[in-house]
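Below is one structure, written out as C-alpha cells; the observations come after it.
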Amino acid sequence: MASLKELRNRIASVKATQKITKAMQMVAAAKLRRAQMAAEAARPYAERMEKVLGNIAGSITPSPESPRLMVGTGKSDVHLLLVCTAERGLCGAFNSSIVRLAREHIVRLQAEGKTVKILCVGRKGFDQLRRQYEKQIIEVVDFKSVRSLAYEHATQVANKIVARFEAGEFDVATLFYSRFKSVISQIPTARQIIPPVFLAQEKSTGPSAIYEYEPEEEDILTELLPRNLATQIFRALLENAASEQGARMSAMDNATRNAGDMIKKQTITYNRTRQAMITKELIEIISGAEAL
Amino acid sequence: MATFSFELVSPSRLVFSGEVEQVDVPGAEGDFGVLAGHAPFVATLRPGVLTIRDAGGAQRLFVRDGFAEVSAKGLTILAETAVPVENLDRDAFATAIKDAEAAVASAKDDAARWKAIEALDQMKAAAVQLADAGAAKH
C-alpha cells in the first residue's frame, strides 16, 4: 500500500492538472464565442456567392471554352485532397475525425485506381497523415503564427490551388473540414470544390430571370471562380476554428470532471489509510500496555 | 421615391442591409446607377467609391474586388473590401498603388502587363475619386 506522503503527492498533482484543464476550458469558451461569431458573420458572403454563381452556372451551357475551374478537366484521374485541421491538439477527436474521413476517401480513391495528392492546411493533420501518406503530401500550409484568420489567408491557399490546377497537376479537388453544428457536435465534412458542385437550384417561382452581363459571362466566371474558391476555403477555415474551440471546450470539460472524480476517490483512499494507521498504532499501544 | 432592398456583403461581415433609393456602383466597364425595378444584371466591380442614397442622405464606401447582382429581389454586392470612405486607411491604399506599379514592372509577358496596367489605372482612378469624395466633404 502506498504511503501517506505518496498519496498526498498524487492528489496534489491531479489537482494541478485539474486547474490547467479548467483554465483551458475557459479560454476555449471565450475563443469559441469569437470564432462562432466570425463563422456566422462570414456565412452571408459564402451563401450569396454560391447563389449567384449557381445562377450564372445554370444559365450558361457548358462548352469546351467554358472556364475549366467550372467544368473540370473532363477527367477524374488525379484527386487533390485539401485537408484542413487545427494547429494544436488537446481538442478531443477533432483532428482525428477529419483525418479519418480523409483517409477513408484516400483508400476508396486508391482502390479505384486514382492518383491521390494531399495538401494539408494545419500541422495536426499533416502529422497524422505523414505516417501513412508521406509521398502523397505535396504541400503543407500552416497558420501557426496567425492570430486571427483573415480572408487573405484563404486567398493565399486558393491561389496555390488555382496555380496547381492551371498547371494540370490534378483534376478534382475536395475540401475536408469540420462543420460547426454546436458545441458538442462538429461534423467532419468533405466537399468537392473543383469543379464546384452547386446545390440543386431551388425551383424558381415564375420565369427564371435572364441576366444581362457586363462584361461577358465567361469573363465574369473567370473572375468569380477563383474568388468562390477562396470564399469556400475561408468559410471552411472559420468553421474549423469554431469547431476546434468547441471540441476543445468539451474535451477539457470532460478532463476537468475526470480529475474531480479521481481526486474524490484518492481522498477517500488517503483518509482510510490514515485512519488505518492510527488504529494500528492504538492497537499496538494498548496491547503493549496489556502485556505489562 | 421608390425603394428597393440592397445588401453589401464582405467576407467577414454583412456591411449594409436595408431599403435604399439609389446605389451608384463602380462597374468594371463603367459606373452605373441602380434604381428600383432595374433589369436583372450581373457586373464585376473595379476599385472605386460606391454611393448609397436613401431617405436619410448619402453614404460613400470604398469597394474593391467583387461583383454586383441585380435580381427581382434587389441588389446584392459582394466585395472583398468595403469600408466607409472616411475610415479608409490611406497608407494602405498608397501601398496598394505601389504594389500595382510593381506588378506592371515585373509582368512577364504582354498579357500579364496589360492586366497589371489596367489594374493600376483602376487604382489611380479610384484615388482621384477618393480625393474628390474627401474634398466634397470639407
Side-chain angles (χ1 to χ4, degrees), chain A residues 34 37-60 148-155 158 202 204-238, chain B residues 5-18 25-34 37-47 63-83 89 92 95-96 99 103 108 111-112 114-115 118-119 122:
Chain A
R34 232 174 306 146
M37 265 159 60
E40 271 161 20
R43 249 172 228 167
Y45 191 83
E47 276 164 12
R48 297 210 168 76
M49 173 71 91
E50 215 173 349
K51 218 172 74 194
V52 173
L53 211 51
N55 279 343
I56 302 178
S59 71
I60 64 162
S148 74
L149 274 171
Y151 187 66
E152 287 80 62
H153 300 120
T155 321
E202 61 214 66
S204 50
T205 48
S208 65
I210 295 158
Y211 286 91
E212 285 279 337
Y213 295 97
E214 182 187 303
E216 293 300 306
E217 278 130 303
E218 309 275 293
D219 294 336
I220 291 192
L221 275 179
T222 36
E223 187 163 330
L224 272 192
L225 288 165
R227 211 156 275 175
N228 177 51
L229 206 59
T231 310
Q232 298 304 339
I233 294 172
F234 185 54
R235 187 185 185 180
L237 290 178
L238 288 177
Chain B
S5 71
F6 168 58
E7 277 180 345
L8 177 61
V9 196
S10 77
S12 51
R13 67 198 183 96
L14 191 63
V15 181
F16 184 96
S17 172
V25 189
E29 299 192 342
D31 290 11
F32 57 91
V34 179
H38 196 288
F41 182 62
V42 176
T44 48
L45 302 182
R46 66 178 165 74
V63 292
R64 194 181 166 191
D65 297 333
F67 65 97
E69 185 211 19
V70 187
S71 67
K73 287 181 202 124
L75 170 65
T76 309
I77 291 184
L78 302 189
E80 283 179 19
T81 311
V83 285
D89 184 345
T95 322
D99 288 349
K108 283 188 198 74
W114 280 120
K115 240 183 157 173
E118 199 185 329
Q122 288 182 345

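In what follows, chains are A, B, ... by sequence order, proteins preceding strands, each numbered from 1.
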- Message: Quick check: closest heavy atoms across Leu78(B) and Tyr45(A), and the distance to 0.1 Å?
- Response: CB-CE1, 3.6 Å

- Quick one: of Asp219(A), Ile220(A), Thr155(A), Thr231(A), who has the most non-hydrogen atom pairs under 4.5 Å with chain B?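 Going by pairs under 4.5 Å, I would pick Ile220(A).
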
- Output the option from Glu40(A), Arg43(A), Glu223(A) having the highest count of non-hydrogen pairs under 4.5 Å with chain B. Glu223(A)

- Task: Starting at OG of Ser12(B), measure out to CE of Met37(A) and round the result to the nearest 0.5 Å.
- Result: 12.0 Å

- Message: Rounded at 0.5 Å granularity, tell me how far CZ in Arg227(A) sits from OG1 in Thr44(B).
- Response: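 Atom-to-atom, Arg227(A):CZ and Thr44(B):OG1 are 8.5 Å apart.
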
- Task: Using non-hydrogen atoms and a 4.5 Å limit, figure out which bit of Leu238(A) sits close to chain B: side chain, backbone, both or neither.
- Result: neither

- Message: Looking at Arg48(A) and Glu69(B), is any side-chain nitrogen of the basic one under 4.0 Å from a carboxylate oxygen of the acidic one?
- Response: no

- Query: Do you know which of Gly27(B), Gly66(B), Ala68(B) has the most heavy-atom pairs with chain A at a distance under 4.5 angstrom?
  - Reply: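 Most heavy-atom pairs within the cutoff with chain A belong to Gly66(B).
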
- For chain A, find which of Ala43(B), Ser10(B), Pro11(B) contributes the most heavy-atom pairs closer than 4.5 angstrom. Pro11(B)

- Message: Taking ring pair (Phe, Tyr, Trp, His ring centres under 6.0 Å) as the definition, give me every residue that meets it alongside Phe16(B), ordered by chain and number, with sequence neighbours left out.
- Response: Phe6(B)

- Task: Check whether any side-chain heavy atom of Val52(A) sits under 4.5 Å from a side-chain heavy atom of Phe67(B), and report yes or no.
- Result: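 Yes; the side chains approach each other to less than 4.5 Å.
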
- Query: What residues form a salt bridge (Lys or Arg N to Asp or Glu O under 4.0 Å) with Arg235(A), not counting sequence neighbours?
  - Reply: none

- Task: Check whether Thr76(B) gets within reach of chain A through its side chain, its backbone, both or neither, counting any heavy atom under 4.5 Å.
- Result: side chain

- Item | Contacting moiety of Glu7(B), where chain A heavy atoms sit under 4.5 Å |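 Glu7(B) touches chain A through side-chain heavy atoms alone.
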
